[in-house]
Every structure is written in C-alpha cells, then in structure tokens.
Amino acid sequence: MKVGELASAFGLEVLTGSVNLDREIQAGYTSDLLSDVIANIEENAVWITIQRHINILGVAKLKDIAAILIPRNLQLDQEVIDKACTESIAILRGGLSAFELSGLLYDALKRG
Amino acid sequence: MVDTFQFTPKINLEFTIREKDFFLAGESASRVKKTLQQLGMEQEIIKRIAIIIYEAAMNVAIHASHGMLRVFISPEAITIETEDAGGGIPDVDLAMREGYSTATHEIREMGFGAGMGLPNIKQCADELKIDSKVGTGTLLQATVYFTNWQEKH
Ligand SMILES: Nc1ncnc2c1ncn2[C@@H]1O[C@H](COP(=O)(O)OP(=O)(O)O)[C@@H](O)[C@H]1O
Ligand SMILES: [Mg+2]
C-alpha cells in the first residue's frame, strides 16, 4: 500500500502536498519515545506519534520512514510542515486516536 | 560485507554539536548513514551505527553544553566518539541503567529522556568506553567491528 492510498482509504489529511505519496508502506510503529523509535521502527514504516516538534523529522529521516501520522487532528507548526516538505518527509493527520489509527493501519498492512 | 568496502581507505568524519540543537545532532547521524551506504556497508551494521550516533549526539545536545562527534572508519571497525564540555556523569553505572534519566520535564515532553540512550548504545556496540569528569565533560567511544557481531550475540 502506498502513502497516498492510505490517506484516501482512511480519509487522512495530507499536510505535505505531493511529498512521498507514491512511497510503498511496509510496516507501522506507534510510539512517542524517540529512543524507542530509533531502536525499533522498521524501514518504510508509517510512524504514528503525537510528537510534533521539528526533531521528529530527524528521526524520520534517519530511519527512512515512509510517513508520519499525527492522530486526533493535533496541530502542527507551519515551520515543521515546511521543513518536512524540504526534507521530503510526508506528514498525514487523522481525527482518530493513535490506538484506532494503529488498528486501521495494522489491518490494512495485513491485507496487503 | 561488500568487497568494495574492504579496499576503502580510512575515513574520518567530524561534526560540531551545540546545546539543544537536536536537529543538527540527528542530521549528522543521517549524513554518516548515507556515507556508510555509499561505501556499501551491510544494512544491519549501518542500523546499529545509526542508533549509536543518534543517541550519543543527542546526549551531547541534551545533557552537555557543546561538543564534537567524530567517526573513524577503517576496514576492520568503526568508532564513534563524542567529546563534550558539560556537567559530566557522576555515576556512569547508574547512567547506564535502562530508564535512568536526569532529563527535565520539558525535554521529556519532546519524547527524549526515556533513559534508553546509553543502554541502546551498549546493545549496538561491540565495545563501549565512557570517560567522564564531573564539571568538565564526557568522552564516549563506541566501536563496532565488522566481523564479530555473530560471536557476541
Ligand atoms: N554527554 C553527557 N553529559 C552529561 N550527562 C550525560 C551525558 N550522556 C548521558 N548523560 C547522563 O546519563 C543519563 C542517561 O542517559 P541516556 O541513557 O542516554 O538517557 P536519556 O538521554 O534519555 O536521559 C542522562 O539522563 C544523563 O544524566
Ligand atoms: Mg540519551
């Protein structure tokens, strides 16, 4: 499943325009502890987190993350969105909780 | 390991890390990772090295005032070194414990300060040396050998 397909399937908002919409998603990970993400997230994963400061982009870049997914329609600074575009990192946002989004993503990835 | 890497000469990389400049600390880890990928190094080893660099550099940005990140690459091993000026670590054994952190509430709110950095570095490195002087600073050296990971784990 591609990032763009995930967004349309679950009605997610795409905050970063066309960035990485064609990227294939192979895994998912839900965590707000950066050390945990750095150590355990797989490549090409969607990272579900409520962290929204600029440092999540460093993590996303280092771990080659397919997209960051922000739950509960939480607000992001424009600075972070702009930087994500420059760094080619997709940021998606949904109205559901991290728990619910994780469940949807899990199902979608299992179905392939 | 890919053959081309065997013949690569020694490479040293150096980055400055400033207090609370988390983005730059993360960025240096990404840059080293890219260099290692270009050298054709094995994915698994690159992953471990990336974790070490990120955590060590973040520790300087979070817990010290400023410092240097140096990466020494030879055909046999890679050594990641951070040398900082800062408060130092009074009890290194305690600092190595999983979950131990002196990070402030503010830092924790950003998702840092889980107390997993040093344990993760230890887990990923074949050798780890921490030399710290309270009130002066910390020297951390982590080495990954290109051959003996299997033997150790
Ligand atoms: N470079 C450093 N300078 C001073 N103190 C440090 C440094 N690195 C680590 N420490 C101390 O060791 C503790 C544990 O480090 P670590 O395992 O990386 O967890 P965290 O960074 O999440 O607090 C830190 O909270 C801090 O007290
Ligand atoms: Mg740390």
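Both backbone and side-chain heavy atoms feed into the values below; hydrogens, waters and symmetry mates do not. No experiment lies behind these values; they were computed from the predicted model shown. Chain letters run A, B, ... following the sequence lines, proteins first, then strands; residues in each count from 1.
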Exercise. Under 4.5 Å between side-chain heavy atoms, hopping through other hydrophobics if needed: is there a path connecting B/Ile107 to A/Val59?
Worked result: yes

Exercise. From A/Ile38 CD1 over to B/Met58 CE, what is the distance, rounded to the nearest 0.5 angstrom?
Worked result: 7.5 Å

Exercise. Would you find more than 12 non-hydrogen atoms of other residues, nucleotides or ligands less than 6.0 Å from B/Glu98 atom CD?
Worked result: no

Seminar exercise, completed: Rounded to the nearest 0.5 Å, the OH atom of B/Tyr54 sits from the CG atom of A/Leu62 at a distance of 7.5 Å

Exercise. Is the number of heavy atoms from other residues, nucleotides or ligands under 6.0 Å of B/Lys20 NZ greater than 12?
Worked result: yes

Problem set entry | Minimum heavy-atom distance B/Ile51-A/Ala39, with the two atoms named | CD1-CA, 3.8 Å

For this session: Say whether A/Trp47 and A/Phe10 are linked into one hydrophobic cluster, either directly or through other cluster members, by side-chain heavy-atom distances under 4.5 angstrom.
Result: no

Exercise. In Å, rounded to the nearest 0.5 Å, how long is the span from OG of A/Ser35 to CG of B/Leu118?
Worked result: 9.5 Å

Exercise. How far does CD1 of A/Ile56 sit from CE of B/Met110, to the nearest 0.5 angstrom?
Worked result: 10.5 Å

Exercise. About how many Å separate CE of B/Met116 and CG of A/Asp36, when rounded to the nearest 0.5 Å?
Worked result: 4.5 Å

Exercise. If you measure from CZ on B/Phe22 to CD1 on A/Ile54, what distance do you get to the nearest 0.5 Å?
Worked result: 12.5 Å

For this session: May I ask you to say whether A/Glu43 pairs ionically with B/Lys47, meaning some side-chain N is under 4.0 Å from a carboxylate O?
Result: no

Exercise. Donor-acceptor pair, A/Lys61 side chain versus B/Glu27 backbone, under 3.5 Å?
Worked result: no

Exercise. Among the clusters formed by ILVMFWY side chains lying less than 4.5 Å apart, do B/Ile80 and B/Ile121 turn up in the same one?
Worked result: yes

Exercise. Would you say the side chain of B/Phe112 lies within less than 4.5 Å of the side chain of A/Leu33, judging by non-hydrogen atoms?
Worked result: no

